Amino acid sequence: MNLVVKKYGGTSVASIAKISKIAENLIDEYNSKKKLVVVLSAMGNSTDKLVNLSSRVSKNPNTRDFDMLLSSGEQVSVSLLSMILNERGIAAKSYTGWQAGIKTNIDYSNARILSIDTKRIKADLKKGFVVVVAGFQGINNRGDITTLGRGGSDTTAVALAAALKAQECQIYTDVDGVYTTDPRVCAKAKRIDVLTYEEMLEMAGLGSRVLQLRSVEFASKYNVPLRVLHAHNSNNIGTLIKKEEKNMEGALISGIAFTKDESEIIIKGVKDQPGVASKILGPIGDANIEVDMIVQNVGSDGLADFTFTVSRNSLNKAVKVIEKHKKIMGYQNIESKRNIVKVSLVGVGMRSHAGIASKMFKCLAKNKVNIRMISTSEIKISVVIDQKNLEIAVKALHNEFKLDKKKNRA
Ligand code: ASP
Ligand code: MG
């Protein structure tokens, strides 16, 4: 089937004028004989407004009611788009999540899609309808409405594309694709034509939040080609995210991601003996604090320094946990540092090319950027540096790896 699933985010449907503009684009595609399934988010920040309404009546609303409330935003946008299309002579039908057959597990507010019964949608597509589905929602086996976690409409779209075996899932947003790095930090940042799922997961997980992470995992699992595009610039090709293919090694490095909300804890003078790491990280994990990078350096006299990073907003909590467990952890003193950032080079080409790390470190040294910690994976090298060096580092690396001149891979 010549089917495309298109998803439009909140800012792209923030007003009637914007929804009408989307309708125009859809009509053009419909007239070119495409079958269309359209997934929408709620208008503008209306989901936030719903959250706010609930907080005015209850500090701790039951999750069933909460999902009932939050899911209502998407019903507004889908019904309006369908009305506009019908008004212009295009047969369209709006669907809630459950009408679209989207079944989820029981977890209100953060439900996972288990299956989609596509019978009804398929029948309507066959009859020539444009099918407009409310994103971010489904139904559980109690027959209750569930929501998929904030930003969940991306996942609705990808799941529908997988279930309907669509050619492509197109995510329309307010940027025209995924960039080699954040253009606000490095003006030479360029839109990337093609990325692999793995690279996108690293870029998204590391701070370039264009797509809900879960939707990329879903797309990867079911091999759904995903395209991120600008909602209101026509003729843009955006960024295509797909499975890795042999010819994709052309570009060594795809992008530079960074996260600013990091902090570092150094536990000094712990015993260099088995069990120390678990004695330290156990209580931290029990307190639900996520640890990212970990380094242990062995000093003299059988003592070591144990350093790790946590997100900045859990720093105080982590320090308290460590102080509370001083006896068990058996350290001399702790230091913490708030103003650090993590900068990462990402690219599947790294797998087959040695020397990327040394090139990266040389470049940082040349620019007098001190590296505090390093970690690597198959397709990523991350360094922790002082926040004041973020812009210098990102710009220098962008130049060093010629990301502004990169020949885009096919
Ligand atoms: N409207 C929901 C939210 O704001 C879902 C979405 O936009 O994808 O989180
Ligand atoms: Mg939204």
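Only this structure's heavy atoms are used, side chains among them; waters, hydrogens and symmetry mates stay out. Just follow the structure's listing: the first ligand is 1, and inside any ligand the first atom is 1. Note that this is a predicted model, so its numbers are computed, not measured.
Judged by the shortest distance from any of its heavy atoms, G135 lies outside the 4.0 Å radius around the atoms of ligand 1. Not close to ligand 1: G10, with no non-hydrogen atom less than 4.0 angstrom away. Under a 4.0 angstrom heavy-atom cut-off, Q212 registers as lying outside contact with ligand 1.
Ion pairing of D404 with K190 is absent here, as no side-chain N (NZ or NE/NH1/NH2) approaches a carboxylate O to less than 4.0 Å. With salt bridges taken as basic N to acidic carboxylate O contacts below 4.0 Å, none links R312 and E262.
At least one N/O-N/O distance between S153 and ligand 1 falls below 3.5 Å. In terms of polar-atom proximity, defined here as any N/O pair under 3.5 Å, T47 does make such a contact with ligand 1. Polar contact with ligand 1: absent for F136 (N/O pair, distance under 3.5 Å).
With E168 as reference, R227 is the one residue of R227, K7, K242 to meet the salt bridge (charged side-chain N to carboxylate O under 4.0 Å, His left out) rule. The side-chain contact (heavy atoms from CB on, under 4.5 Å) test with S263 is passed by exactly one of N313, L315, V384, V319: L315.
Against a heavy-atom cut-off of under 4.0 Å, R150 is close to the following atoms of ligand 1: 3 (C), 4 (O), 9 (O). Near G151, meaning under 4.0 Å from one of its heavy atoms, ligand 1 places the atoms 3 (C), 5 (C), 6 (C), 8 (O), 9 (O).
Contacts of K34 classified as salt bridge (Lys or Arg N to Asp or Glu O under 4.0 Å), with partners at least two apart in sequence or in another chain: E29. K388 pairs by the salt bridge (Lys or Arg N to Asp or Glu O under 4.0 Å) definition with D386, not counting sequence neighbours.
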